[in-house]
Trainee: 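Below you will find the structure I want to go over with you.
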Amino acid sequence: MPDVPDASGVYALMSGKREGDMVFLGGSKNLREEFLKEIATQASLAKPQGRFFCCAETPTPYEQADKEIQIFRRRFGRKPLLNSGF
């Protein structure tokens with residue numbers, strides 16, 4: 001298993017390796033647990049959205065995730081695909 005910390009932080013699911021390929025950005029109290037949940041979720045989908053999992057530790061994961069989503073929105077004119085709602 002990749003070296004995913006057992007700590008709070010922000011994470012991104014990516015469909016590719018470019019910044020614009022981000023499909024979800026979120027915060028978690030436990031990055032390792034979130035990583036394992038995402039593996040299971042993506043494996044159960046007929047057409048998985050996330051191919052890469054990136055993360056960074058932070059003591060304020062949800063606030064930092066909101067900031068990162070706004071930065072992404074300013075740069076690309078939209079939220080990440082799975083953050084956009086319906």
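When reading the values below, keep in mind they use all heavy atoms of this one structure, side chains included, and skip hydrogens, waters and symmetry mates.
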Trainee: At what distance, to the nearest 0.5 angstrom, does CZ of F53 lie from CD of E38?
Mentor: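 Taking CZ in F53 and CD in E38, the distance rounds to 7.0 Å.
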Trainee: Name all residues meeting the salt bridge (Lys or Arg N to Asp or Glu O under 4.0 Å) criterion together with E57; count only those two or more places apart in sequence or in a different chain, and write none if there are none.
Mentor: none
Trainee: Decide whether F35 and L82 are clustered together by the hydrophobic rule: side chain heavy atoms of Ile, Leu, Val, Met, Phe, Trp, Tyr closer than 4.5 Å, transitively.
Mentor: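 Cluster IDs for F35 and L82 match.
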Trainee: Can I get a per-line list of side-chain donor-acceptor pairs under 3.5 Å for residues 41-49, giving both atom names and the distance, sequence neighbours left out?
Mentor:
from: T41; atom 1: OG1; to: K37; atom 2: O; distance (Å): 3.0
from: Q42; atom 1: OE1; to: Q49; atom 2: N; distance (Å): 2.8
from: Q42; atom 1: OE1; to: G50; atom 2: N; distance (Å): 2.9
from: S44; atom 1: OG; to: T41; atom 2: O; distance (Å): 2.8

Trainee: State yes or no: do L31 and I69 share one hydrophobic cluster built from I, L, V, M, F, W and Y residues joined by side-chain heavy-atom distances below 4.5 Å, directly or via other members?
Mentor: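 The answer is no; the residues belong to distinct hydrophobic clusters.
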Trainee: Going from CZ on R32 to CG on L36, what distance comes out if it is rounded to the nearest 0.5 angstrom?
Mentor: 8.0 Å
Trainee: If you count the non-hydrogen atoms of other residues, nucleotides and ligands that lie under 6.0 Å from CZ in R51, is the total more than 12?
Mentor: no
Trainee: So, does N83 use its side chain to make a donor-acceptor pair with the main chain of L25 at under 3.5 Å?
Mentor: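 Confirmed, N83 side chain pairs with L25 backbone.
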Trainee: What's the separation between atom CE in M14 and atom CE in M22, rounded to the nearest 0.5 Å?
Mentor: 5.0 Å
Trainee: Can you check whether P61's main-chain N or O pairs, donor with acceptor, with S8's side chain at less than 3.5 Å?
Mentor: no
Trainee: Could you tell me whether the side chain of D21 reaches within less than 4.5 Å of the side chain of S15, counting heavy atoms only?
Mentor: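 The answer is yes; the side chains approach within 4.5 Å.
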Trainee: Any sub-3.5 Å donor-acceptor pair from D66's side-chain atoms to E63's backbone N or O?
Mentor: no
Trainee: For the residue pair Y11 and F24, does the interplanar ring angle fall in the parallel (under 30°), tilted (30 to 60°) or perpendicular (over 60°) class?
Mentor: tilted
Trainee: Same cluster or not: are I39 and F52 linked, directly or through other Ile, Leu, Val, Met, Phe, Trp or Tyr residues, by side-chain heavy atoms under 4.5 angstrom apart?
Mentor: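 No, it is not one cluster - the side chains of I39 and F52 are not joined through contacts under 4.5 Å.
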Trainee: The test is side chain to side chain contact (heavy atoms under 4.5 Å, CB included); show your working for F72 and R78 and say whether it passes.
Mentor: CA-CA 7 Å; F72 185 93; R78 62 178 177 81; 3.5 Å; yes
Trainee: Go through E33 and S28 one step at a time and tell me if the side chain to side chain contact (heavy atoms under 4.5 Å, CB included) criterion holds.
Mentor: CA-CA 9 Å; E33 286 179 9; S28 177; 5.9 Å; no
